[in-house]
Amino acid sequence: MSNSPVVSIIIPAYNVAPYIGEALASVVAQSYTDYEAIVINDGSTDETERAVEPFRDRIIYLKQENRGLAGARNTGLRHARGRYVALLDGDDIWMPDYLEKLVGRLLADSGIDLIYPNAIYFGSPRWEGHLFQDFYPSREPVTFEKLLQRECTVFGSAVFKRELAIEAGMFDESLREGGEDFDLWLRLAQNGARITFTTEPLVRYRKRSESLSHDGTRMPRSQIRIYEKVLANPKTTQQQAELIAPVMAEMRAQLNRAVGKELLAAGDYAGAAHHFALANAHFRSLKLTLVAAGLKLAPSLVAAAFARQSESDRKEL
């Protein structure tokens, strides 16, 4: 272990052939070089392996059957030798001083267990040039309670102590719908990990319409599951459980709204109206109230309006 790198970079790669080259080029361009880069091809069916080929002499390349993002990251964790782990998605890009700035903070203060950066969006006209923390702000100190209430949101391309992640149980591979990183950050914080951040954007965060975050029902479902896990954890106090209740109500309302949209697109107007009503019991939205009225009077017109809006949203991405 004396020759182990300071940091292990874990890069899951699932059908990211058009993007993985840029991601790996940003790793090779890092000003801080005491690292190993581990690419996990998670059962890709496109040309990801060919796109990785020019970098094979600079990376550790692993292949496995598809196990999802959590499964790929856990494979990387099991092979990692560094004291710290840095996460990079196969379609994102690091600034050249990403490792220098974040690993430098960790080395300067051994009490920090996890640090995350700000990021700048690209790849979508709607999001281009905006900062992650403009939409998902953080403020010190980062606590378990603040994470629960989304007062602090850890950006996924974080750097953390490898042993703490292993002791916390690594990523939950049952969370195939997303949120596996949020789940781990909560467990780390609940175990007493000290988490901090920088407001400097050190990552270019690609927005893609086909990514998990663009599925309307997946993310609320995963968030609800994660909060249910927290509630079932004996470490969770009554006060913390009370903090979760309004967040759970919001997530369930978001899920009902998303399900309503799916049912509306499928022509199930009665089902759509039911889920919109459940969502509106929380949101108390004029728009949802008008949609409910429209579904009674002219459901096909409401469906057509939603279809046009969905097409417009896709064109903006």
Pair S26-Y98, side-chain hydrogen bond (donor to acceptor under 3.5 Å, both in side chains): steps then yes or no: CA-CA 9 Å; S26 76; Y98 169 90; over 6 Å; no
Worked verdict on E53 versus R56 for salt bridge (charged side-chain N to carboxylate O under 4.0 Å, His left out): CA-CA 5 Å; E53 189 61 35; R56 288 290 289 270; 3.5 Å; yes
Would you please test Y35 and V103 for side chain to side chain contact (heavy atoms under 4.5 Å, CB included) and show each step? CA-CA 10 Å; Y35 66 79; V103 176; over 6 Å; no
Requested in this report: Show your reasoning for whether side chain to side chain contact (heavy atoms under 4.5 Å, CB included) applies to E262 and H275.
Outcome: CA-CA 10 Å; E262 289 186 350; H275 283 279; over 6 Å; no
Please test L243 against V247 for side chain to side chain contact (heavy atoms under 4.5 Å, CB included), starting from the C-alpha separation and ending with a verdict. CA-CA 7 Å; L243 294 176; V247 185; over 6 Å; no
Apply side chain to side chain contact (heavy atoms under 4.5 Å, CB included) to residues K101 and I115 and explain how you reach the verdict. CA-CA 10 Å; K101 294 283 181 66; I115 185 168; over 6 Å; no
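Checked against N74 for a side chain to side chain donor-acceptor pair (under 3.5 Å), the options R67, E180, E173, H79 give a single hit: E173. Considering W127, Y121, Y116 as possible partners of F132, the one that fulfils the side-chain contact (heavy atoms from CB on, under 4.5 Å) test is Y121. Paired with D42 under the rule side chain to side chain donor-acceptor pair (under 3.5 Å), one option of N15, N66, T48 passes, and it is N66.
Side-chain atoms of D181 do not come within 3.5 Å of backbone N or O of G156 as any donor-acceptor pair. Of the possible donor and acceptor atoms, none in the side chain of R225 sits under 3.5 Å from a partner among the backbone N and O of E177. Using modelled atom types, one side-chain atom of T75 and one backbone atom of G71 make a donor-acceptor pair closer than 3.5 Å. A donor-acceptor pair under 3.5 Å is absent between the side-chain atoms of D109 and the main chain of R105, judged by distance alone. A distance-only check finds a donor-acceptor pair linking the side chain of N118 to the backbone of T199 [under 3.5 Å]. Counting only distance, with no hydrogens or angles, the side chain of K161 and the backbone of S110 share a donor-acceptor pair below 3.5 Å. Remark: the backbone N or O of S4 is not paired with any side-chain donor or acceptor of E36 at under 3.5 angstrom. Although no hydrogens or angles enter the test, the distance criterion places a donor-acceptor pair under 3.5 Å between the side chain of R162 and the main chain of G82. In this structure, T217 contributes its side chain and V259 its backbone to no donor-acceptor pair below 3.5 Å.
One distance of note links CG of L202 with CG of L102; it measures 5.5 Å at 0.5 Å rounding. One distance of note links CD1 of I20 with CZ of F55; it measures 8.5 Å at 0.5 Å rounding. S300 contributes atom OG, which lies 10.0 Å from atom CG of L295 (distance to the nearest 0.5 angstrom). Between the CG atom of L88 and the CD1 atom of I38 there is a distance of 12.5 Å, given to the nearest 0.5 Å. Atom CD of residue Q240 and atom CD of residue Q149 lie 10.0 Å apart, to the nearest 0.5 angstrom. Once rounded to the nearest 0.5 Å, the distance linking CH2 of W185 with CG of L147 reads 10.5 Å.
Closest approach of F197 to V142, counting heavy atoms only: CD2-CG2, 3.7 Å. For the residue pair F144 and V230, the shortest heavy atom distance occurs at CZ-CG1, 3.9 Å. In this structure, L106 and D113 approach most closely via the heavy-atom pair CD2-C, 4.5 Å. For the residue pair E100 and S31, the shortest heavy atom distance occurs at OE1-OG, 2.5 Å. In plain terms, the two heavy atoms of M251 and P220 that are nearest each other are O-CB, 3.8 Å. Of all heavy-atom pairs between R58 and A37, the closest is O-CB, 4.4 Å.
Side-chain contact between Y84 and L107 is present, with at least one heavy-atom pair separated by less than 4.5 Å. Two residues are said to be in side-chain contact when any heavy atoms from C-beta on lie closer than 4.5 Å; M95 and P117 fail this criterion. The shortest side-chain heavy-atom distance between M219 and F182 does not fall under the 4.5 Å cut-off. In this structure, the side chains of E151 and E145 stay at 4.5 Å or more apart for every pair of heavy atoms. Side-chain contact between L99 and I9 is present, with at least one heavy-atom pair separated by less than 4.5 Å. Contact check for K229 versus D172: side-chain heavy atoms found under the 4.5 Å cut-off. Looking only at side-chain heavy atoms (C-beta outward), I11 and V27 come within less than 4.5 Å of each other. Counting only heavy atoms from C-beta outward, the side chains of F306 and V291 approach each other to under 4.5 Å.
When hydrophobic clusters are built by joining Ile, Leu, Val, Met, Phe, Trp and Tyr residues whose side-chain heavy atoms come closer than 4.5 Å, directly or via intermediates, L301 is not grouped with F276. Following chains of ILVMFWY side-chain contacts shorter than 4.5 Å, one can reach I40 starting from Y61, so the two form part of one hydrophobic cluster. Under a hydrophobic clustering in which Ile, Leu, Val, Met, Phe, Trp and Tyr are joined whenever their side-chain heavy atoms come within less than 4.5 Å, directly or via other members, Y14 and Y19 fall into different clusters. Hydrophobic clustering places V159 together with Y32 (ILVMFWY residues linked when any side-chain heavy atoms are closer than 4.5 Å, directly or through intermediates). Residues F135 and F155 share a hydrophobic cluster, clusters being chains of Ile/Leu/Val/Met/Phe/Trp/Tyr side chains in contact below 4.5 Å.
Between the side chains of N191 and E167, no donor N or O sits under 3.5 Å from an acceptor N or O. With no hydrogens or angles considered, a side-chain donor-acceptor pair links S44 and N41 at under 3.5 Å. A donor and an acceptor atom, one from each side chain of T196 and E140, are located under 3.5 Å apart. For the residue pair T289/N280, the side-chain donor-acceptor check at 3.5 Å is satisfied.
The pair E22-R204 does not meet the salt-bridge criterion, since no charged nitrogen lies less than 4.0 angstrom from a carboxylate oxygen. Here E49 pairs with K63 in a salt bridge; the nearest charged N to carboxylate O distance falls below 4.0 Å. The pair D89-R73 meets the salt-bridge criterion, with a side-chain N (NZ, NE, NH1 or NH2) lying under 4.0 Å from an Asp/Glu carboxylate O. Ion pairing between a basic and an acidic side chain is recognised when a charged N comes within 4.0 Å of a carboxylate O; R187 and D183 show such pairing.
More than 12 heavy-atom neighbours from other residues, nucleotides or ligands sit within 6.0 angstrom of CD on E242.
Judged as a ring-ring contact (aromatic ring centres under 6.0 Å, His included), and not counting sequence neighbours, Y269 has no contacts.
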Considering only distance and modelled atom types, tabulate donor-acceptor pairs under 3.5 Å from the side chains of residues 281-288, sequence neighbours left out.
| from | atom 1 | to | atom 2 | distance (Å) |
| --- | --- | --- | --- | --- |
| H282 | NE2 | E250 | OE1 | 2.8 |
| S285 | OG | K287 | N | 3.1 |
| S285 | OG | L288 | N | 3.2 |

